[in-house]
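Quick note on labels: first sequence line is chain A, next is B, and so on, each numbered from 1. If you're wondering where the values come from, they're calculated on a predicted model, not measured in any experiment.
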Amino acid sequence: MSYKAPRGTADILPQDANKWQFVEAKIKEICNRYHFHEIRTPLFEHTEVFQRGVGDSTDIVQKEMYTFEDRGGRSITLRPEGTASVVRSFVENKLYGSVNQPVKLYYFAQMFRYERPQKGRMRQLNQFGVEVLGSADPAVDAEVIDLAMTCYREMGLTSLKLVINSLGDKESRENHRQALIDHFTPHKNELCGDCQMRLEKNPLRILDCKKDREHPAMKTAPSILDYLNDESQCYFEKVKEYLTLMGIEYHVDKNLVRGLDYYNHTAFEIMSEADGFGAITTLAGGGRYNGLVEELGGPNAPGIGFGMGLERLLMALEAEQREIPVDSSLDCYCIAVGEQAEKEAVRLVHNLRNHGIQVDKDYQSKKMKGQFKAADRYEAKYVLILGEDELNQQHIAVREMKTGNQENIPLSEVVDVMKAKLLGGNQL
RNA sequence: GCGGCCGUGGCGAAGUGGUUAACGCACCGGAUUGUGGCUCCGGCACGCGUGGGUUCGAUCCCCACCGGUCGCCCCA
């Protein structure tokens, strides 16, 4: 036991891997229905991509990035989130020139954040995310939120809460920002250290502070919703209308601001309300980021997306006791006793596998009894028994484990017989 | 970065300042010389996170470090 996985990382072992496969397959199927297409971008980017994309004032950039210098002296960062990378790729590969607009993308990717791990928080984490680039239609905002909610719903989760807010457009944000500065500056010395810095860099995030939540100035703070200009207000109303049309429940939270600089207009978070979920309840979060494409050197293409934590999704499934269907049984287990039988077994197992049958055999030099025990543990449907007697007779004993029925089949026919038994139909 | 709790076999889990470190599960062998799931019998930690210290003696007491876990900040 000399080596351990680095702090905040975890191995996904076979018994859990099938849960991941189930979840990923389900989500991909949903993405296909919503006509989203997969994109895969590099695990790391030039550090500037995240500094520019995510924003210098964010916690992610200030203290959570895995940044290092490569052998060529370039500053490289393991991606802490998905949007900046996808937008970089969108610009670099000129996807804005595609005839198919908007560009609707999804990804499954590992993210890296240097944080103290706790329940639901890892240094390497898995996210599913989507990005829609090239449309400023509020129906797209609703579609993206709908897609996220559908993933959870079809997975059987019910204790969910969708929270939305509007951060407005550039003009609204600027007016609101000034109002916040005017409001909080007289109280500057009463705020926590973080918020004193936020006052200058990003006063919006003061609203998100949990330390100063009880400060009287918080309750009277100017709300972004009061500073939305007509256009922003109208946009927000349409998003809410579309959600209602689809029967999606939501709660407006004027203090929801999200931690990344690039958001404007729609911001949303999906949280679990299940018991025993832990201190962290956010399952997914996202929002609109008009202007980010330009920030990263592209044309004026609007965008919206979200990131969904897959570890947290699995936690939520567990918290709500949603069982993931898993078939752990094995079609066939081949038992061999004796040197000649062992050779025949190797050949037979190979043949069966190449005819589409799932088979395994013993490699521990176990006696027959031990091999049966293994077959039992593996929940083998059939056991094929090869010993001296069988070899002499040129047949093989086929035992159905559930019933205990056993019959001898000529070796030359065993592949066809097993195909008929296991793969169904008249394939003889 | 800060704080609480924890660190005994493959896993779960007792335990005591003093010659042999419970028990359960799993695993292995046997009863059953070629047939599983039940039962019975037997086996399975020169070792109690690492390094110091206290002591005649430490798994158990103290300190440091490492690791895990939960929480704070913030987020997926």
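- A distance of about 15 Å separates the C1' atoms of U8(B) and G24(B), rounded to the whole Å.
- Taking a cutoff of 4.0 Å between a charged side-chain nitrogen and a carboxylate oxygen, Glu38(A) and Arg40(A) qualify as a salt bridge.
- If you check every strand for non-hydrogen atoms under 4.0 Å, Gly129(A) touches nothing.
- Here Glu81(A) lies out of heavy-atom contact (under 4.0 Å) with every strand.
- Contact of Arg121(A) with C74(B) (side chain to base): a donor-acceptor pair of N or O atoms is detected under 3.5 Å.
- The P atoms of C66(B) and A26(B) are separated by 39 Å, rounded to the nearest whole Å.
- Between Glu24(A) and Lys28(A), no side-chain nitrogen of the basic residue sits less than 4.0 Å from a carboxylate oxygen of the acidic one, so the salt-bridge criterion is not met.
- If you take atom P in G30(B) and the same atom in U20(B), they sit 32 Å apart, rounded to whole Å.
- At a threshold of 4.0 angstrom between heavy atoms, the contacts of Leu310(A) with the nucleic acid are absent.
- Backbone-only contact: Ala279(A) has heavy atoms under 4.0 Å from sugar-phosphate atoms and none from a base.
- As judged by a 4.0 angstrom heavy-atom cut-off over every strand, Arg7(A) is placed among residues touching the sugar-phosphate backbone only.
- Counting non-hydrogen atoms under 4.0 angstrom, Met111(A) reaches nothing in the nucleic acid.
- Nucleic acid contact for Gly120(A): base, since at least one base atom lies under 4.0 Å from a heavy atom of the residue.
- Using a 4.0 Å cut-off between charged side-chain N and carboxylate O, Glu45(A) and Arg79(A) make no salt bridge.
- Within 3.5 Å, a donor on the side chain of Glu390(A) pairs with an acceptor on the base of G34(B), or the reverse.
- Nucleic acid contact class of Gly285(A) (heavy atoms, under 4.0 Å, all strands): sugar-phosphate only.
- If you check the side chains of Asn290(A) and Tyr262(A), you find no donor sitting under 3.5 Å from an acceptor.
- Across all strands shown, Gln110(A) has no heavy atoms under 4.0 Å from either base or sugar-phosphate atoms.
- Within the nucleic acid shown, Asp389(A) comes within 4.0 Å of at least one base atom, counting heavy atoms only.
- In this model, a side-chain donor or acceptor of Gln406(A) finds a partner on the base of U35(B) within 3.5 Å.
- Judged by distance alone with a 3.5 Å cut-off, a donor-acceptor contact links the side chain of Glu115(A) to the base of A76(B).
- If you check every strand for non-hydrogen atoms under 4.0 Å, Leu313(A) touches nothing.
- With C28(B), G71(B), A76(B) as the candidates, the nucleotide lying closest to the side chain of Gln127(A) is A76(B).
- For Arg399(A) against G36(B), a side-chain N or O and a base N or O form a donor-acceptor pair under 3.5 Å.
- Phe128(A) and Phe306(A) have perpendicular rings, their planes meeting at more than 60° on a 0 to 90° scale where under 30° would count as parallel.
- Two residues, Tyr114(A) and Gly307(A), neighbour RNA chain B, and the one matched to the more 5' nucleotide by heavy-atom proximity is Tyr114(A).
- When heavy atoms are screened at a 4.0 angstrom cut-off, Lys367(A) is found touching the sugar-phosphate backbone but no base atom.
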